[in-house]
Structure formats: structure tokens, C-alpha cells
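All values reported here derive from a predicted model rather than from experimental measurement.
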Amino acid sequence: MNYASTRNSSLKVTSAHAIVKGLSDEGGLYVPESIPALSEEEILGLCGKSYVERAYAVFSKFLTDFTPDELKHCVESAYNTKNFDTDNIAEIAKLKGGRYILELWHGPTCAFKDMALQILPYLLTTSAKKEVDGKQIAILVATSGDTGKAALEGFKDVPGTSISVFYPEDGVSPMQKRQMITQEGNNVSVCAVVGNFDDCQNGVKAIFTDKEIEDKLAKKNILLSSANSINWGRLAPQIIYYISTYAQLVHDKDIAYGDKVNIVVPTGNFGNILAAYYAKLMGIPVNKLICASNSNNVLTDFINTGVYDRNRKFYTTISPSMDILISSNLERLLYHLTGGNDKLINEWFGALKTEGKYEVNDDVKKQLSELFYADCCSDEETKARIHKTFTEEHYLLDTHSAVAVKVYEDYRAKTGDDTKTIIASTANPYKFGRAVYEAVGGKGGIEDEFELISKLETETGTKMPAPLAATKDKAVRFTQTVEKQEMGGFVLDFLGK
């Protein structure tokens, strides 16, 4: 299995090269030459397997330059009860009406990013030995809240690596910020950026394509790489949990093999729902991919009209991990939908950079409408859904998962589609304690985050996960804030130490 770039389809590189590089030289994203299929026999064979075994089966289709022993080392090192609080790695909560909440937050940072970022360090260090043995790998991360902490936790003190994380100064929840600024590890750095997530993401991409920075780091034997979902090694692990969930539902006799399911994903950067699209291409019977957005509804508008326009008001919401106006992984989807037409991709994303918008052709619009349903909801609707779900089913949603549930309920009411549905739950509710507390009827006026969380525990009869509780007594290590144009200098200063 080789990989091409979305902006240079003639490029042919191994998965190890794609994982080490993160981003192609001309700014494109690496994609597999073809999407491997899982046969009916293979999917049925996964039904009684563990998450580790399912992960190995999927990775072996994509990472063909890894030996069986290397793959086993990666999956066994990542997916275990040292890193996750459940043997199943991802749990499935069954709600009324054929709704299955896929809990992707049982890892060390209580967010779905752990599903990929616990294994990425192993994939990256294994790849580096094949591609750039002896070089130091400097990881750069832009985060809207969850990726940063998950990447820091995954890469802390990993030999041969360092990691720099950038987050929007006022664009993450208090708990997300506390998780990052108290991060332990000798090879980590964290910095706030004046602006929003898109400023962080654009700043990181600019560093990757800055020849002067590249040359300075090369003299120090340092190579840049990414832990954002622009890196194929971040995205590939996310395919696994959709395949695993389908196999588990068949195993549990909730569905029969061949029954179609809907998959609902709250998303801003499009990586998590793209992984569900890949699972569909591999053979998982998917009826509709439902893209759920908050007030930053650029994806809703795009899927419904074919026009991507980031020239709009940016909203800071109670679901901050989705506060994004430039959805990087959409480039991969459009590359596939155009049959690998890198000319069109360069044209569209060039227009996005210069004009802030582009419009896809009629063929792509038709495919989008067949594959996806997209809608959005406000903060008020999100809180109302948290309240309703807790009151009626005693299940506590976070502010992102509630967006997904609300959009799904509207979809079902509008279409009458009662297909059984997997809803991706992307974070533990205690990561967004204030909004969740208010949603379930808690009284305002509490400033201290941990006092508020104690009230939320009492109000709901639930408990804050241990990894979040542990941040209370950790010392703050990182307090620096920079302008977006200063991000490159911050990285050079950190790596020059």
C-alpha cells in the first residue's frame, strides 16, 4: 500500500514516510492509493475479537510496510488497561430507539483523541527507524482543546521526540486548558495563541512549509512532524473504532451482519467523520453519515450547498473542540470524490487560501448529498439536549456529543429514518463541567472549577474521572502567549534549548 498526496497524485510513498512527514512538501495530505476492503468473512471474524485484534486486522491493510511484530507491538502497547479504564477500550451505551452512544473517552485524557494519540507515538517511532533513523522528531500540534492534551500525554518523554502544542488563548474550556498547562514531561511545550483555532492551525502549517525553519532544524538533526489529523498516523486509528463497533453490535445481536447503520459525528476538522467514511468504503454497511456542527456551521453549509465559505463570523461556543472554520480533512474526502484529481484539489484549496471560499462541481455535490446529511445546533439547543437526555435516560452527555444527538433527533424527525444509529461521543462531560452543570439545572455564580464539578457530581450522581481530578493539585508549567506570526520563533526557541 503506497500513499499519494492530495495535491500531487503522482507521488508514491510508504505509510512510514507518510507518518513521519505528516504533511507533503507541497502542502497536500497523504492518502492511500486505494481503500482496502474487508470481506464479509473478515468482518464476521472480528465479531468475537478484542479491540487489539481488530486494530491489528485494520492496520495490516493500511500499514503494509510494517512487519507483523511491529504492528503487534504498536497495538498492544497502546490499547491496554494501563492506558484505558476499560478492557473494551471503547464502550457502547445503549439508549432508547436504536441509538448507540460510542464512548470514545475512556483513555488518559478523557477525549476521543486518545484512541489515536495513544498509538501514534509507537507508529511514529517505528516509522522513523525505517525512514530517518537517528533524527530527532519534533511534533507540532494545533488544538481546539482535546488533541493538545492527548498528544502531550502520548508523546511525553518518548525518546527521540519532542512536542509543541498551540491552543487558542480564549478558545478552550477551563479543564482543557488546565490539562495542557500542567502537563508533565521533559520534552513538552505548550503555548497559547492570540486568535482562534484556525489561526493556530494555519500557523502550524506555515511552519511546516517554511524553508528557513526547516534548514535551521536540519542543522540540529531535527525533523518536523504532526500529531494533528492531517497526519495519516492520526487518522488511520480512528477508522478502527467504527469497524470495531459494528462488529461488536453484530456480536451482541443488536444488529445482524449486513444491517445498515447510520453514523453521527460531531466534528469541526472533519477527521472523525472522514474515518467513518473510510470504514464505509472498507465494507461496513453504512446508510447515512450524519455531520453535526455547532454555530460554526461551515460544514453544514458546504454539504448542503457545495460551497465552502470561511468568510463568516466565528463563534466561541460551549463545544469548543468544534469551533473551527477551516476543516483540513475535507481535502482528503474531496480528493477521493474527484477520483484523485489533484488539479481540482489545488484549484479549490488555492481559492480557499486566497479568497476564503470555493465551490465544488455538480458531480461532487451529488455524491455529498448521497453520502452525508448535515445540520447544526446552537448552544441553547445543546444544553437543552443534555438536560433532556439526562432527565429521560439518566445519561450525561458532554457538549459535543449533545450536538450530535440533537442533530440526529432532528434528522430522524425530518426523514422518518429509523435505521439503528451509532453516535460518536467524543469527550467526557466533566471536561466541560460548567456548561454541563448549567444544562442539568445547576445554579450559577460558582467561579472555582473544582467546586463547580463537585456540585455537578452531587446533582447528577456521577463522578469526575480520575485523570481530570488529578489536575487539581498539579503545578502550572506553561503560561506563555504569542501572536500567530511568532509561533515559528517559539518552536525554534524551544528546540534550541
Side-chain angles (χ1 to χ4, degrees), residues 2-8 10-31 63 65-66 117 120-143 147-148 151-152 154-166 185-191 193 199-235 328 346 353 478 480 482-497:
N2 282 324
Y3 290 76
S5 164
T6 53
R7 302 189 192 186
N8 179 7
S10 65
L11 196 66
K12 299 290 182 286
V13 302
T14 63
S15 69
H17 181 94
I19 290 168
V20 168
K21 284 279 288 179
L23 198 66
S24 187
D25 287 336
E26 76 294 328
L29 308 185
Y30 288 110
V31 290
L63 311 183
D65 50 327
F66 283 55
L117 284 162
L120 181 59
Y122 297 101
L123 297 177
L124 184 59
T125 52
T126 302
S127 297
K129 286 177 184 174
K130 298 174 184 292
E131 291 288 314
V132 290
D133 198 15
K135 284 189 181 290
Q136 293 285 309
I137 308 293
I139 311 294
L140 301 185
V141 177
T143 184
T147 295
L152 289 162
F155 279 97
K156 71 175 182 184
D157 295 328
V158 171
T161 73
S162 64
I163 179 167
S164 300
V165 168
F166 297 95
N186 294 319
N187 64 337
V188 305
S189 64
V190 178
C191 185
V193 175
D199 295 316
C200 298
Q201 183 167 246
N202 289 335
V204 165
K205 286 183 177 179
I207 294 169
F208 270 107
T209 54
D210 189 315
K211 193 72 171 66
E212 186 179 345
I213 291 177
E214 181 184 353
D215 291 343
K216 286 181 179 178
L217 294 180
K219 289 175 184 175
K220 296 176 178 289
N221 205 33
I222 296 172
L223 182 73
L224 291 175
S225 189
S226 173
N228 283 96
S229 56
I230 57 173
N231 190 319
W232 178 251
R234 243 296 302 280
L235 189 60
S328 288
N346 278 291
K353 186 174 182 180
F478 303 103
Q480 189 169 347
V482 299
E483 300 286 342
K484 58 185 177 183
Q485 65 269 20
E486 298 170 334
M487 290 168 61
F490 176 88
V491 170
L492 289 174
D493 288 346
F494 172 62
L495 296 176
K497 289 179 182 176

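- Closest approach of Ser15 and Phe66 over heavy atoms only: OG-CE1, 3.7 Å.
- The minimum heavy-atom distance between Leu11 and Ser24, with the atom names listed, is CD2-OG, 3.5 Å.
- Judged purely by atom type and a 3.5 angstrom limit, Arg7 has no side-chain atom pairing as donor or acceptor with the backbone of Asn346.
- At least one donor-acceptor pair closer than 3.5 Å links the side chain of Thr143 to the backbone N or O of Gly148.
- Under a cut-off of 6.0 angstrom, the local environment of NZ in Lys12 is crowded, with over 12 non-hydrogen atoms contributed by other residues, nucleotides or ligands.
- Atom-to-atom distance recorded for Phe494:CZ and Asn187:CG is 6.5 Å, nearest 0.5 angstrom.
- Separating the CG atom in Leu23 from the CG atom in Leu140 is a distance of 11.0 Å, to the nearest 0.5 Å.
- When every heavy atom of Asn228 is checked against every heavy atom of Ala142, the shortest pair comes out as ND2-O, 2.6 Å.
- To the nearest 0.5 Å, the span separating CG on Leu123 from CG on Leu117 amounts to 10.5 Å.
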Fill in: Stepwise side-chain contact (heavy atoms from CB on, under 4.5 Å) test for Ser162 and Val188
CA-CA 6 Å; Ser162 64; Val188 305; over 6 Å; no
Fill in: Stepwise side-chain contact (heavy atoms from CB on, under 4.5 Å) test for Lys130 and Thr126
CA-CA 7 Å; Lys130 298 174 184 292; Thr126 302; 4.2 Å; yes
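- In this structure, the salt bridge (charged side-chain N to carboxylate O under 4.0 Å, His left out) partners of Lys484, at least two apart in sequence or on a different chain, are Asp199.
- Using cut-offs of 30° and 60° on the angle between ring planes, the pair His17 and Tyr30 is perpendicular.
- For the side-chain contact (heavy atoms from CB on, under 4.5 Å) with Leu217, the qualifying choice from Ile207, Leu492, Asp210 is Leu492, the only one to do so.
- Residues meeting the side-chain contact (heavy atoms from CB on, under 4.5 Å) test with Asp25, sequence neighbours left out: Lys21.
- Salt-bridge check for Asp215 with Lys219: failed, with every basic side-chain N at 4.0 Å or more from each acidic carboxylate O.
- Atom OG1 of Thr147 is separated from atom CD of Gln201 by 10.0 Å, given to the nearest 0.5 angstrom.
- Panel note: side chain Asn231, backbone Ser225; no donor-acceptor pair is recorded below 3.5 Å.
- Side-chain atoms of Glu131 do not come within 3.5 Å of backbone N or O of Ala128 as any donor-acceptor pair.
- For the atom pair Ile19 CD1 and Ser226 OG, the distance stands at 12.0 Å (nearest 0.5 Å).
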Practice prompt. Take Val204 and Met487 through the test side-chain contact (heavy atoms from CB on, under 4.5 Å) and record every step on the way to the result.
Written response: CA-CA 8 Å; Val204 165; Met487 290 168 61; 3.9 Å; yes
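- With sequence neighbours excluded, the residues that form a side-chain contact (heavy atoms from CB on, under 4.5 Å) with Thr125 are Val158, Thr161.
- Without hydrogens or angle criteria, Asp157 side chain to Gly185 main chain gives no donor-acceptor distance under 3.5 Å.
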Discussion item. Checking Val132 against Ile137 for the side-chain contact (heavy atoms from CB on, under 4.5 Å) test, could you report, in this order, the C-alpha distance in whole Å, the side-chain angles of both residues, the deciding distance, and whether it holds?
Written reply: CA-CA 9 Å; Val132 290; Ile137 308 293; 4.0 Å; yes
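- In this structure, the side chains of Val482 and Gln480 come closer than 4.5 Å at one or more pairs of heavy atoms.
- A donor-acceptor pair under 3.5 Å is formed between the side chain of Asn221 and the backbone N or O of Gly134.
- The heavy-atom pair separating Ile163 from Leu152 by the smallest distance is CD1-N, 3.8 Å.
- When all heavy atoms of Lys205 and Ser328 are compared, the pair lying nearest together is NZ-OG, 3.0 Å.
- When each of Val141, Val193, Val190 is tested with Phe166 by the rule side-chain contact (heavy atoms from CB on, under 4.5 Å), just one qualifies, namely Val193.
- Ser5 and Gly28 make their closest contact through OG-CA, 3.5 Å (heavy atoms, listed as atom of the first residue, atom of the second, distance).
- The distance from the CG atom of Leu63 to the OH atom of Tyr3 is 5.5 Å, given to the nearest 0.5 Å.
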